[in-house]
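Report on the following structure.
Letters go in sequence order (proteins before strands), and every chain restarts at 1. All of these numbers come straight from a predicted model, not from anything done at the bench. Side chains are part of it too, since the values below use all heavy atoms of this structure and drop only hydrogens, waters and symmetry mates.
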Amino acid sequence: MPDETTAAPEDFIRQIIREDLAAGKIDRVVTRFPPEPNGHLHIGHATAICQNFLVAKEFGGRCHLRFDDTNPAAEEAHFADSMMEDIRWLGFDWGDHLYYTSDYFEKLFEFACGLIREGNAFICDLSSEEIAAHRGTLKEPGTASPFRERSPEESLDLFQRMRAGEFAPGERVLRAKIDMASSVLPMRDPILYRIQDTPHPRTGKTWPIYPMYDFAHSLSDAIEGITHSLCSHEFVDRRPLYDWILEHVGIPAPRPRQIEFGRVGLTHTVMSKRHLARLIDAGIIRDWDDPRMPTLAGMRRRGYTPESIRNFCTGVGLTRQPKTVDLARLEFEIREHLNEVAPRFMGVLRPLKLIVENYPEDQSEDLSAVNNPQDPTAGSRNVPFSRELWIERDDFAEDPPKKFHRLTPGKEVRLRYAYLVTCTEVVKDANGEVVEVHCRYDPETRGGDAPDGRKVRGTIHWVSARHALRAELRLYGTLFRDEEPNPRDEGFEDALDPDSLETLDPAWLEPSLMGVPAGTRLQLERVGYFCVDRDSTPEQPVLDRVVGLRDTWGKLSKRAKA
RNA sequence: UGGGGCGUCGCCAAAUGGUAAGGCAGCGGCCUUUGGAGCCGCCAUUUGCAGGUUCGAAUCCUGCCGCCCCAGCCA
């Protein structure tokens, strides 16, 4: 029986896994997300997280979280903690399968000894510079280390003494004996172990030697029974080494299989830790969780939902092709989600006073407003109305452009959920600036409908001045001007977008937002989606704009001006 | 000809020799108490280029072009 739903096309990785399963090479699927705890997770990592966890889930397998902590000089425990928080927040659960490469140090050491005994690895006394010089170039083969033919016995003895802490960093390394003439550079007798004296966050000072990535990663995968080791594309060249290590250490089949996919980038930003750190150092942004940052912490603070990020990651697909996805795609995902779930409120960003002349000065009343037109179960709330209101400056024009449907002298407009009002007077200061607008309301139109059925094209939002809650609003733009910024060391400043943050204070919110907890996401009608920032105080909320609403008028008028 | 990888619409992406899906963006329109949401329509005679094989090619072959990755005791 044909299925009604058309199956989403299967990406190349899922295809490979399905084939491996069908061929009986493996009988379950185990993947892993293996970050080094040396920084913050960003939207680029999110793809790896989502795909690893989702692929495993789809095939009824599991996904491990493994911290690849083999370089104590770069790693700190708090990074691991924040990574776990981010991954959980994204919605993934590794169950009992939390691992650290450092847990395998003893096993790894044994594997290395085995390699030495079989003549497949040797201790090299060359300095770092000498090793580099012996490596050759992209076009020329390398030359063998003079220690390459050192006997297994001697190498083993030296290796054990390295472990015992008898040598200083840089004095000796353990190298695989593969092929100095290989066109694949990682195969030119790669270093497997080096000496480091920085204390390790988890093992302290018990190990003076640490395995290198290729050795630790392949074997950690094997130890955990990983079936498919997904990684980004710059590791393709290391796959021969990955396979070599597993084979020569004697890992029985089925051995884990490394598969590479193209990285995912975003326009108008950068992912590199170095460049992001520079933004902080330069004082351009506050911290790693600044809402403009592409870090998961920053996106969370800004108000992105886990759903929207997951949809983004799965939506752009999984291919070998590296990609820079348009920011608009991410914004589409968050609008799509927040449109469903975000409660609506009214708030005025750039206030202009509107006086309802025929509304009694001492009077006020509660008007009912729908909380979410997309969700009938969300109910409604009361919004206070009175004679003096705040409206958006952009919603009034003394001399309106074509197709302007908002407040303008002599014209009638609807105050959302309140009354139909007609503009009667414009008050200006000495400089000719509009400081106040007057209007008259039709008492018969309470709620916004005219009993005589007359049509009113424009609807604008408002807040009762007397009841308004003062707030600070933070509007964010992109970090970089260019779609694909290339921040060089010189001219870094030029690449930045000077409008990445605009702070609005005072902005006025309807009073029902009083005391709204940090992290709450909401829509300010006709304006955009916002998230309550943790900088809020009981007296004054601070709102981060996640993303603006689609603004066809804004686009139109911008085009007209151009 | 050092090795490897990638080229399908502005950005993603399907198509696995049978006559170029879809999404985002954009553009037109409808509808609307959010110029929101929703709905409808338009948007690749052609797949980096040039040849070839074939009844038929984005898919196969040949040659070229472009971009990316690799010379850390980082991952």
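A residue-by-residue look at Arg526(A) and Glu234(A) shows that Arg526(A) has its nearest nucleotide of RNA chain B further toward the 5' end. When the nearest nucleotides of RNA chain B are assigned to Gly554(A) and Arg239(A) by heavy-atom distance, the more 5′-ward of the two goes with Arg239(A).
G72(B) atom P lies 15 Å from atom CD of Glu130(A), rounded to whole Å. Atom CZ in Arg414(A) sits about 10 Å away from atom P in G35(B), given to the nearest Å. For the pair Phe261(A) CZ and G4(B) P, the interatomic distance rounds to 22 Å; values are reported in whole Å. Whole-Å rounding puts the Asp214(A) CG to C73(B) P distance at 11 Å. In this structure, Leu185(A) places its CG atom 11 Å from C1' of G4(B), rounding to the nearest Å. Whole-Å rounding puts the Phe33(A) CZ to A75(B) P distance at 16 Å. Distance CD1 (Ile191(A)) to C1' (G72(B)): 8 Å, rounded to an integer number of Å. Rounded to an integer number of Å, the gap from Lys323(A) NZ to U8(B) C1' is 14 Å.
Taking every heavy atom of residues 162-178 of chain A and every atom of RNA chain B, pairs under 4.0 Å involve Gly170(A), Val173(A), by number. Applying a 4.0 Å cut-off to non-hydrogen atoms, the residues of residues 131-144 of chain A that approach RNA chain B are Ile131(A), Arg135(A), Thr137(A), Leu138(A), Lys139(A), listed by residue number. Within a heavy-atom distance below 4.0 Å of RNA chain B, the residues of residues 337-347 of chain A found are Asn339(A), Arg344(A).
Pairing for U47(B) is absent, judged as Watson-Crick or G-U wobble with the two contacts each under 3.5 Å. Using Watson-Crick or G-U wobble geometry with both donor-acceptor distances under 3.5 Å, A13(B) finds no partner in any strand shown. Using Watson-Crick or G-U wobble geometry with both donor-acceptor distances under 3.5 Å, C55(B) finds its partner in G18(B). Look at C67(B): its Watson-Crick or wobble partner, with both distances under 3.5 angstrom, is G5(B). Figure legend. G38(B) is base-paired to C30(B); pairs are counted as Watson-Crick or G-U wobble with both atom distances under 3.5 Å.
For residues 365-378 of chain A, every residue pair satisfying the side chain to side chain donor-acceptor pair (under 3.5 Å) rule, not counting sequence neighbours, is listed here: Arg344(A)-Asn372(A), Tyr359(A)-Glu365(A), Glu365(A)-Tyr419(A), Glu365(A)-Arg446(A), Asn371(A)-Arg381(A), Asp375(A)-Thr377(A).
Side-chain contact, His268(A) with Asp482(A): no donor N or O sits under 3.5 Å from an acceptor N or O. Side-chain contact check for Tyr529(A) and Gln523(A): at least one donor-acceptor pair (N or O, by modelled atom type) lies under 3.5 Å. With no hydrogens or angles considered, a side-chain donor-acceptor pair links Tyr242(A) and Asp221(A) at under 3.5 Å. Side-chain atoms of Tyr104(A) and Glu224(A) form a donor-acceptor pair, as typed in the model, at a separation below 3.5 Å. Arg32(A) and His217(A) share a side-chain donor-acceptor pair at under 3.5 Å. A donor atom on one side chain and an acceptor atom on the other are not found under 3.5 Å apart for Arg416(A) and His461(A). His233(A) and Glu260(A) are not linked by any side-chain donor-acceptor pair at a separation below 3.5 angstrom, with hydrogens and angles left out of the test. Side-chain contact of Gln196(A) with Asn71(A): a donor-acceptor pair under 3.5 Å is present, judged by distance alone.
The same atom, P, is picked in A57(B) and in U46(B); the two are 14 Å apart, to the nearest Å. Between the P atoms of C64(B) and U1(B), the separation comes to 8 Å (whole Å). Straight-line distance between the P atoms of A25(B) and C39(B): roughly 13 Å, to the nearest whole Å. Rounded to whole Å, the separation between the C1' atoms of G10(B) and A44(B) comes to 13 Å. Separating the C1' atom of A37(B) from that of C43(B) is a span of 23 Å, rounded to the nearest Å. Taking the C1' atom of each, G18(B) and G66(B) are spaced 31 Å apart, rounded to whole Å. Nucleotides U62(B) and C67(B) place their C1' atoms 22 Å apart, quoted to the nearest Å. Nucleotides G38(B) and U32(B), compared at atom C1', are 9 Å apart to the nearest Å.
Within 4.0 Å of Ser127(A), counting heavy atoms only, lies at least one base atom of the nucleic acid. Within 4.0 Å (heavy atoms only), Pro373(A) reaches at least one base atom of the nucleic acid. Contacts of Leu420(A) with the nucleic acid, taken as non-hydrogen atoms under 4.0 Å apart, are absent.
Checked by distance alone, Asp237(A) brings a side-chain donor or acceptor within 3.5 Å of a matching partner on the base of G3(B). The base of U16(B) does not come close enough to the side chain of Glu10(A) for any donor and acceptor atom to sit less than 3.5 Å apart. Looking at His233(A), its side chain has no donor and acceptor atom pair within 3.5 Å of the base of G5(B).
A cation-pi contact, defined as under 6.0 Å to the ring centre and within 45° of the axis, links Arg163(A) to Phe109(A).
Salt-bridge check for Arg263(A) with Glu234(A): passed, with a basic side-chain N closer than 4.0 Å to an acidic carboxylate O. A salt bridge does not link Arg414(A) with Asp449(A): every distance from a Lys NZ or Arg NE/NH1/NH2 to an Asp or Glu carboxylate oxygen is 4.0 Å or more. Under 4.0 Å is where a charged nitrogen must lie from a carboxylate oxygen, and between Asp125(A) and Arg150(A) at least one such pair does. Comment: Arg148(A) engages Asp189(A) in a salt bridge, judged by a side-chain N to carboxylate O separation of less than 4.0 angstrom.
Taking the side chain of Gln15(A) as heavy atoms from C-beta on, and the options A75(B), U16(B), G3(B), the nearest nucleotide is U16(B).
The aromatic rings of Tyr99(A) and His64(A) sit tilted, their planes meeting at an angle between 30° and 60°. Ring planes of Phe404(A) and Trp553(A): perpendicular class, angle over 60° (limits at 30 and 60°).
For Tyr193(A), the ring-ring contact (aromatic ring centres under 6.0 Å, His included) partners at least two apart in sequence or on another chain are Phe159(A), Phe215(A).
With centroids closer than 5.5 Å and planes inclined by less than 30 degrees as the test, Tyr213(A) and the base of A75(B) fail to qualify as a stacked pair.
Taking the O4'-C1'-N9-C4 or O4'-C1'-N1-C2 dihedral as appropriate, G7(B) has a value more than 90° from 0 and is therefore anti.
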For each nucleotide in nucleotides 22-32 of chain B, reading 5' to 3', give B when a protein heavy atom comes within less than 4.0 Å of its base, S when such contact involves only the sugar-phosphate, and - otherwise. -BSSSSS---B
